[in-house]
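Side-chain atoms are counted along with the backbone in the values below, which use heavy atoms only and exclude waters and symmetry mates. Each chain gets a letter, A, B and so on, in the order its sequence line appears, and its residues count up from 1.
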Number of protein chains: 2
Amino acid sequence: MQTMQKLKAVGVKPSITRIMIYDYIFSTKDHPNVDEIFITLKETLPTLSKTTVYNTVHLLKTHRLIKAYAMPNHEMRYDANLDVHAHFLCASCGQITDVLIDVCDIVQTVISENCIDETVITFHGTCSKCQTSV
Amino acid sequence: MQTMQKLKAVGVKPSITRIMIYDYIFSTKDHPNVDEIFITLKETLPTLSKTTVYNTVHLLKTHRLIKAYAMPNHEMRYDANLDVHAHFLCASCGQITDVLIDVCDIVQTVISENCIDETVITFHGTCSKCQTSV
DNA sequence: TACAAATTTGTATTCATTATAATTTATATT
DNA sequence: AATATAAATTATAATGAATACAAATTTGTA
Ligand SMILES: [Mn+2]
Ligand SMILES: [Mn+2]
Ligand SMILES: [Zn+2]
Ligand SMILES: [Zn+2]
């Protein structure tokens, strides 16, 4: 689907800024942070402000067009891949690679290629207690 | 094992401050952040400083006695449970609960009880490229 | 064109974490 | 015990990503 259609579909007005920010997150596979998005797009959008990047990723995230992952070094990385998938974070070069998991053989897939120090699996949602207390 | 033994085993001098900080993280099951540790232990260690809490969790993490998890709200949570396990983070009450996973039926376990909005699985380690370039 | 609404920008602020240096405490030596 | 040395703890300042807020610009519509 075209980016413009994706934005319209969730009720977000497809301004050129928003399209370019989404497109960048979608096209690059390296899970960029706000700085990377800002610096890269600044070249083609000279008036772009970092605040707009923050606003836009927040907007895109709110409308579930992208996902945000908190990294160990306290920065957010953004990802347009909405499929449930794992990430491999290299302690040496910092690269974040997608790990397409089959749920069942999660560990196997990665262990074969990389040296795993730690596995972090987090589910976000609403707990049963909070669901009933609404 | 006694906390004192655990600290000695990794070459960390078991001062009363360190013992109490580790014990607190170990005994409480709610994955405390630095503030919670500080405020709670301040009652029995009146001279405790927040810097010491930061120093100590860093020390414990370096020696692999605890794990640190970056949360979406940009704070670190600490955990003395070293087993590979998942976490369920409630969007409503903020509670972080352990999810003991059998690797194979990761999703099943949680889906039955809670309402999952997002699943984050991250592996930390050294990628194959970086392993060879040493 | 004129007006209102939405979008973008610039600046100030927040707050968890880190850096640095001073102070206190523990350990070793004479 | 007194002194010297090292380690641990504390206090304060600095960092930096993220947010809050208000002004400015752009867009949509009458
Ligand atoms: Mn990804
Ligand atoms: Mn846990
Ligand atoms: Zn690497
Ligand atoms: Zn809850």
Side-chain angles (χ1 to χ4, degrees), chain A residues 3-4 7-8 10-25 31-63 65-79 94 96, chain B residues 3-4 7-8 10-25 31-63 65-79 94 96:
Chain A
T3 295
M4 196 178 293
L7 298 182
K8 280 181 182 171
V10 295
V12 171
K13 196 178 290 184
S15 70
I16 181 65
T17 310
R18 288 169 178 172
I19 290 175
M20 290 193 70
I21 290 176
Y22 175 83
D23 273 347
Y24 181 71
I25 299 171
H31 310 82
N33 59 13
V34 163
D35 255 48
E36 181 182 329
I37 299 169
F38 174 71
I39 291 170
T40 308
L41 295 185
K42 184 85 176 176
E43 294 175 18
T44 38
L45 292 175
T47 66
L48 184 66
S49 79
K50 202 175 281 188
T51 304
T52 299
V53 181
Y54 274 108
N55 290 341
T56 305
V57 293
H58 181 263
L59 187 75
L60 295 174
K61 180 172 151 48
T62 300
H63 290 85
L65 288 172
I66 62 173
K67 290 192 171 190
Y69 297 106
M71 290 293 123
N73 57 324
H74 318 115
E75 72 177 10
M76 282 294 191
R77 295 292 197 129
Y78 299 93
D79 193 348
I96 301 169
Chain B
T3 295
M4 197 178 291
L7 298 181
K8 280 181 180 170
V10 295
V12 170
K13 195 178 291 184
S15 70
I16 181 65
T17 310
R18 287 168 177 172
I19 290 175
M20 290 194 70
I21 290 176
Y22 175 83
D23 273 347
Y24 182 72
I25 298 170
H31 311 82
N33 60 13
V34 162
D35 255 47
E36 181 182 329
I37 299 168
F38 174 70
I39 291 171
T40 308
L41 295 186
K42 184 86 175 175
E43 294 176 20
T44 39
L45 292 177
T47 66
L48 184 66
S49 80
K50 203 174 280 187
T51 305
T52 299
V53 180
Y54 274 107
N55 289 342
T56 306
V57 292
H58 181 262
L59 187 75
L60 295 174
K61 180 172 149 50
T62 300
H63 290 85
L65 289 172
I66 62 173
K67 289 193 172 190
Y69 297 107
M71 291 292 125
N73 57 325
H74 320 115
E75 72 178 10
M76 282 294 192
R77 295 292 196 130
Y78 299 93
D79 194 348
I96 302 168

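At the heavy-atom level, A:Ser15 lies under 4.0 Å from the strands shown only through sugar-phosphate atoms. As judged by a 4.0 angstrom heavy-atom cut-off over every strand, B:Lys13 is placed among residues touching the sugar-phosphate backbone only. Residue B:Asn55 is in base contact, counting any heavy-atom pair closer than 4.0 Å across all strands shown.
Map A:Arg77 and B:Leu48 each onto its nearest nucleotide of DNA chain D; the residue landing nearer the 5' end is B:Leu48. Taking for each of B:His74 and B:Thr17 the nucleotide of DNA chain D with the nearest heavy atom, the 5'-most of the two is the partner of B:Thr17.
Atom CD1 of B:Ile16 and atom P of C:dA26 are 11 Å apart (whole Å). One can place CD1 of A:Ile21 at 10 Å from C1' of C:dT8, the figure rounded to the nearest angstrom. Atom P of nucleotide D:dG16 and atom CZ of A:Phe38 are separated by 16 Å, given to the nearest angstrom. Rounded to a whole Å, the CE atom of A:Met20 is 12 Å from the P atom of C:dT8. Rounded to whole angstrom, the span from the CG atom of A:Leu45 across to the P atom of D:dT25 amounts to 17 Å. The NZ atom of A:Lys50 sits 16 Å away from the P atom of C:dA12 (whole-angstrom rounding). As rounded to whole Å, 14 Å separates atom P of C:dT8 from atom NZ of A:Lys42. Rounded to whole Å, atom C1' of D:dA17 lies 16 Å from atom CD of A:Glu36.
Relative to the side chain of A:Thr51, the nucleotides C:dT11, C:dT8, D:dA11 differ in distance, and C:dT11 lies closest. In the set C:dT9, D:dT9, C:dT17, D:dT9 carries the atom at the smallest distance from any side-chain atom of B:Arg18.
You'll find the side chain of A:Pro14 reaches within 4.5 Å of the side chain of A:Lys8, heavy atoms only. In this structure, the side chains of B:Lys13 and B:Arg18 come closer than 4.5 Å at one or more pairs of heavy atoms. Contact annotation: the side chain of B:Tyr69 approaches that of B:Asp79 to within less than 4.5 Å [non-hydrogen atoms, C-beta and beyond].
At D:dT19, none of the side-chain N or O atoms of A:Tyr54 fall inside 4.0 Å of OP1 or OP2 (strictly under the cut-off). B:Thr52 has no side-chain polar atom (N or O) that falls below the 4.0 Å cut-off from OP1 or OP2 of D:dT9.
By the 6.0 Å contact criterion, NE2 on A:His63 is enclosed, its count of non-hydrogen atoms from other residues, nucleotides or ligands being greater than 12.
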* Residues A:Leu41, A:Thr17; criterion side-chain contact (heavy atoms from CB on, under 4.5 Å); working and verdict -> CA-CA 9 Å; A:Leu41 295 185; A:Thr17 310; over 6 Å; no
